[in-house]
Amino acid sequence: EPGHMNLNLRNTLIIFAPVILVTLFDLAVKSYILSRPEMREFLFVQITPVANKGIIGGYFSDAAKPIFQIPMVALGFFLLVLLYFIQLFAPVKSDIMRIGISLFFGGIFANVCDRFIHGYVVDYLPIGFLTLNLGDIFQYIGIGMIFVLQFRKDTFDEKRGAHLWV
């Protein structure tokens, strides 16, 4: 049907598998790191666990608490519904672009789950002035993919886009 993506098994996996894999992998790594507080290095990578009560890099960690009182389950559900509708209705024909979008949402969802589980996000990779985690890195990878792919002619379906917005 014009205007939205066919949700067969293949397309459903392209949408949700990256989110699930990123979330499970990120939470498993965080659990491993938290279970070994003495660990300071893993495979030549420095590990510095930090309880991030703010947003990326710990910004706004001293902000008014109501900002972060949004129920995390509702926020996680909202993100998954938003991902579903973006993927369903966006005029994207590139599977790689769809995977990039899902990696971005997967990183966000992993951190939302972490905030729900711990009350904060576990960051552990010091990079410059920030301390990040794999969820953050997957967000950056997804954003990078989206940015690069938006310039390719074969990324978007212009016919489908015309049905959506007109």
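Everything numeric in this text was worked out from a predicted model, so none of it was measured. Position 1 is the first residue of the sequence, and the numbers go up from there.
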Exercise. Measure the CG-CG distance between D114 and D26 for me, rounded to the nearest 0.5 Å.
Key: 6.5 Å
Practice problem: Determine the minimum heavy-atom distance between M97 and Q150, stating which atoms define it. | Solution: CE-N, 3.9 Å
Quiz item: In Å, rounded to the nearest 0.5 Å, how long is the span from OG of S102 to CG of L13?
Solution: 11.0 Å
Self-check item: Common cluster, L9/L21, ILVMFWY with side-chain heavy-atom separation under 4.5 Å
Solution: no
Self-check item: Verify same cluster id: V50, L34 (apolar side-chain graph, 4.5 Å)
Solution: no
Quiz prompt | Side-chain (Y124) to main-chain (L134) donor-acceptor, under 3.5 angstrom | solution = yes
Practice problem: List the atom of K30, the atom of V122, and the distance in Å for their closest heavy-atom pair. | Solution: CE-O, 3.3 Å
Quiz prompt | Stepwise side chain to side chain contact (heavy atoms under 4.5 Å, CB included) test for I141 and F104 | solution = CA-CA 7 Å; I141 291 169; F104 173 70; over 6 Å; no
Quiz item: Quick one: CG on D95 to CG on L149, what's the gap to the nearest 0.5 Å?
Solution: 11.0 Å
Quiz item: Of all heavy-atom pairs between N52 and Y120, which one has the smallest distance, and what is that distance?
Solution: O-CB, 3.5 Å
Quiz item: Looking at I96 and M145, what are the two nearest heavy atoms and their distance?
Solution: O-CE, 3.4 Å
Exercise. Please answer whether the main-chain N or O of Y32 pairs with a side-chain N or O of S35 as donor and acceptor at a distance below 3.5 Å.
Key: yes
Practice problem: Test side chain to side chain contact (heavy atoms under 4.5 Å, CB included) on Q139 and N111 and set out the steps. | Solution: CA-CA 10 Å; Q139 287 176 57; N111 285 334; 3.3 Å; yes
Practice problem: Over all heavy atoms of both residues, which pair between C113 and L27 is shortest? Give the atoms and the distance, please. | Solution: CB-CD1, 4.0 Å
Self-check item: CZ-CZ distance between F109 and F116, expressed to the nearest 0.5 angstrom
Solution: 10.0 Å
Quiz item: Nearest 0.5 Å, what's the CZ-CZ distance between F25 and F138?
Solution: 6.0 Å
Exercise. Any chance you could measure I33, atom CD1, to I47, atom CD1, to the nearest 0.5 Å?
Key: 4.5 Å
Exercise. Would you please test L125 and N133 for side chain to side chain contact (heavy atoms under 4.5 Å, CB included) and show each step?
Key: CA-CA 6 Å; L125 297 171; N133 59 51; 5.8 Å; no
Quiz item: Is there a donor-acceptor pair under 3.5 Å between the side chain of T48 and the backbone N or O of P126?
Solution: no
Exercise. Any chance you could lay out the side chain to side chain contact (heavy atoms under 4.5 Å, CB included) test for I127 and T131, step after step, and finish with the verdict?
Key: CA-CA 6 Å; I127 300 174; T131 303; over 6 Å; no
Practice problem: Measure across L103 and G142 and return the closest heavy-atom pair with its distance rounded to 0.1 Å. | Solution: CB-CA, 4.2 Å
